[in-house]
Amino acid sequence: MQQLVGIVIVLGSIFGGYAMMGGSFHAIWQPMELIVIAGAGFGAIVLGNPSHVLHEMTTQFKKILFRKKYDSEFQRQLLLLMYELLQLAAGGLKALDAHVEAPKDSPLFKRYPAVLEEPKLLAFIVDNFRLMAMGKINAHELEGVLEQELEAIHEELTQPAKSLNKIAEAMPGFGILAAVLGIVITMGTVNEGATSGEIAEHVGAAMVGTFIGIFFCYGVLDPISNMMKILVGEEASTLECVKVVLVTHVAGKPPLLAIDAGRRLVQLNIKPSFAQLEGWINAMEGRNSEPDTSRRGGSRAKAA
C-alpha cells in the first residue's frame, strides 16, 4: 500500500505539474523512445549479471510488490520455532533429525508457516542445527563459522540492488542516446525539406528521451534499488537473530535466555519486549499468562 501511495505521488507531481503548465500528453507519448531506453536498460541488466543474480533480483522485486514485510507476527513465529527447537535439542540433537531433515513435512515447522515461506531463512536454520548435531563445536567456533556464512549471504543478497543502482545511474545516458537518435532523424527531415513546425515537433520528441531516462533513474529504478537494500537489511537482521540464538545455546544458556538474546537483534519497529516473548512462550506451552514468580526467580537464579 505504501508503495502504491508513493507511485501516485510521484506520477501525480510530475505529470500533474506538466498538465497544469499547459503541457500536452500527446507530445510526451513517444513509445519508440521508451523502447530504446527501457530495452537498452533491460539488456544491460541481462548482459552485466549472471543468472542467479537476475533470479534473486526478480525474487526481491516480487517481495517488494506482493509480499508483506517482516512484522511482529513473523517474529513471534520465528522466536517460538527456535524455542521449540532448542527445547528438543536439550534432550539431544539427534531428536531434531526428523524435523531438520524434512522441515516442510515436520509438524513442528508446519505450525510456523511464515518461516516456511522464507527458503533462505529455513535453510540457514536447518543447516546449522545439522552442523551442531554432526559433532561437538564450541560457541566461539560456531560464531566464527556463522559470521563468515552471513557475510557471504549478505554479499550475494545485496548484488541485485547494486546492479540495479548502476543501471539507474546509466538511464540518463540511455535517455541522451535516444535523444541523439531523435536529433539524427530530425536532421534527416530537414534534408527532406521539413517545415519549421515539423522540425520543432521532431526536436521536442527527441528531448522526451532525456526526460524518460532521468525519470526512470530517479523516479523508478533508484527507489526500487533502495527498497531492495532495506529488504536485504531485514533479512540480514533475521539471520543475525538466529545466529545469536544458536551461539548462546551452544554456550550453555537455557532456551529462554538464548531466545531473548536473539530477540534483542530484532528491528526496533517490530521488536517484542521480554514480557511479550515470555507471554508467547507461556501461551504456547499452555501455561497461565501470569508469571510464576517463585519458579521464574528460581530458574533465573539457577541460570545465574
(request) Could you check V10 against Y218 for side chain to side chain contact (heavy atoms under 4.5 Å, CB included), going step by step and ending with a plain yes or no? (result) CA-CA 10 Å; V10 170; Y218 297 107; over 6 Å; no

(request) Rounded to the nearest 0.5 Å, what's the gap from CG on L146 to CG on L142? Could you check? (result) 4.0 Å

(request) In sequence, state the C-alpha distance, the side-chain angles, and the governing distance for I259 and L80, and then conclude on side chain to side chain contact (heavy atoms under 4.5 Å, CB included). (result) CA-CA 8 Å; I259 298 300; L80 289 182; over 6 Å; no

(request) Find the distance between CD1 (I212) and CZ (F216) and round it off to the nearest 0.5 Å. (result) 6.5 Å

(request) Evaluate the side chain to side chain contact (heavy atoms under 4.5 Å, CB included) criterion for residues V208 and W29: first the C-alpha distance (whole Å), next the side-chain angles of each, then the deciding distance (0.1 Å), finally the verdict. (result) CA-CA 8 Å; V208 171; W29 173 243; over 6 Å; no

(message) Would a single hydrophobic cluster contain both I7 and V220, if residues Ile, Leu, Val, Met, Phe, Trp and Tyr are joined by side-chain heavy-atom contacts under 4.5 Å?
(response) yes

(request) Indicate yes or no: at least one non-hydrogen side-chain atom of Q77 is less than 4.5 angstrom from one of R111. (result) no

(message) Measuring only between side-chain heavy atoms, which start at C-beta, is L122 closer than 4.5 Å to Y112?
(response) no

(request) Determine whether V266 and S237 make a side-chain contact, defined as any pair of heavy atoms from C-beta on separated by less than 4.5 Å. (result) no

(message) Please verify the inter-ring angle class for F15 with F25; under 30° counts as parallel, over 60° as perpendicular, anything in between as tilted.
(response) tilted

What donor-acceptor contacts under 3.5 angstrom involve side-chain atoms of residues 152-178, with partners at least two apart or in another chain?
residue : atom : partner : partner atom : Å
T158    : OG1  : H154    : O            : 2.9
T158    : OG1  : E155    : O            : 3.1
Q159    : NE2  : S163    : OG           : 3.3
S163    : OG   : N49     : OD1          : 2.5
S163    : OG   : Q159    : O            : 3.1
N165    : ND2  : D222    : OD1          : 3.3

(message) Strictly distance-based, threshold 3.5 Å: is any side-chain N or O of Y18 a donor or acceptor partner for the main-chain N or O of S24?
(response) yes

(request) Mind checking the CG-CG spacing from L86 to L88? Nearest 0.5 Å is all I need. (result) 9.0 Å

(request) State the CD1-CG distance between I125 and L246, to the nearest 0.5 angstrom. (result) 8.0 Å

(request) Could you verify whether a donor N or O on one side chain and an acceptor N or O on the other, from S106 and H99, lie under 3.5 Å apart? (result) yes

(message) Just so I know, are the side chains of M228 and F61 near enough to count as touching, which here means a heavy-atom distance under 4.5 Å?
(response) yes

(request) Quick one: closest heavy-atom pair of Q60 and V232, and the distance? (result) NE2-CG2, 3.7 Å

(request) In plain terms, say whether E278 and R263 are close enough for a salt bridge, that is, a side-chain N and a carboxylate O under 4.0 Å apart. (result) no

(request) Could you check N138, V244, I137, V247 and say which one makes a side-chain contact (heavy atoms from CB on, under 4.5 Å) with E143? (result) V247

(message) Are the side chains of F124 and T238 in contact, using a 4.5 Å heavy-atom criterion?
(response) no

(request) Examine V53 and L221 and state if one hydrophobic cluster contains both, with Ile, Leu, Val, Met, Phe, Trp and Tyr joined whenever side-chain heavy atoms are less than 4.5 Å apart. (result) no

(request) Find out if a path of hydrophobic residues (ILVMFWY) with successive side-chain heavy-atom gaps under 4.5 Å connects L108 to M284. (result) yes

(request) Evaluate the side-chain proximity of T248 to D260: yes if any heavy-atom separation is below 4.5 Å, no if none is. (result) no

(message) Treating Q148 as the side-chain partner and V145 as the backbone partner, does any N or O pair qualify as donor plus acceptor under 3.5 Å?
(response) no

(request) Would you give the length of the straight line joining atom CZ of F215 to atom CD1 of I37, rounded to the nearest 0.5 angstrom? (result) 11.5 Å

(request) Count the heavy atoms of every other residue, nucleotide or ligand shown that sit under 6.0 Å from CZ of F211, and state whether that count exceeds 12. (result) yes

(request) Indicate yes or no: at least one non-hydrogen side-chain atom of F74 is less than 4.5 angstrom from one of E234. (result) no

(message) Using the rule that Ile, Leu, Val, Met, Phe, Trp and Tyr join whenever any side-chain heavy atoms are under 4.5 Å apart, tell me whether M32 and M187 fall into a single cluster.
(response) no

(request) Can you measure from CE (M57) to NE2 (H52) and round to the nearest 0.5 angstrom? (result) 10.5 Å

(request) Would you kindly confirm whether I28 and V36 end up in one hydrophobic cluster when ILVMFWY residues are joined by side chain heavy atoms under 4.5 Å apart? (result) no

(request) Please say whether more than 12 non-hydrogen atoms of neighbouring residues, nucleotides or ligands are located less than 6.0 Å from CD in E151. (result) no

(request) Check whether any side-chain heavy atom of E149 lies under 4.5 Å from a side-chain heavy atom of K243, and answer yes or no. (result) no

(message) What I want to find out is whether K63 reaches E118 closely enough, with some N-O distance under 4.0 Å, to be called a salt bridge.
(response) yes

(message) Has T189 got a side-chain atom pairing as donor or acceptor with T186's backbone, closer than 3.5 angstrom?
(response) yes

(message) Looking at E101 and R130, is any side-chain nitrogen of the basic one under 4.0 Å from a carboxylate oxygen of the acidic one?
(response) yes

(request) Grab the two heavy atoms, one from V46 and one from L54, that are nearest each other, plus how far apart they are. (result) CA-CD1, 4.2 Å

(request) Considering non-hydrogen atoms only, spot the tightest contact between L79 and C241 and give its length. (result) CD2-SG, 4.0 Å

(message) side chain to side chain contact (heavy atoms under 4.5 Å, CB included), that's the test. Do Y83 and L277 meet it? Break it down for me.
(response) CA-CA 10 Å; Y83 181 81; L277 174 62; over 6 Å; no

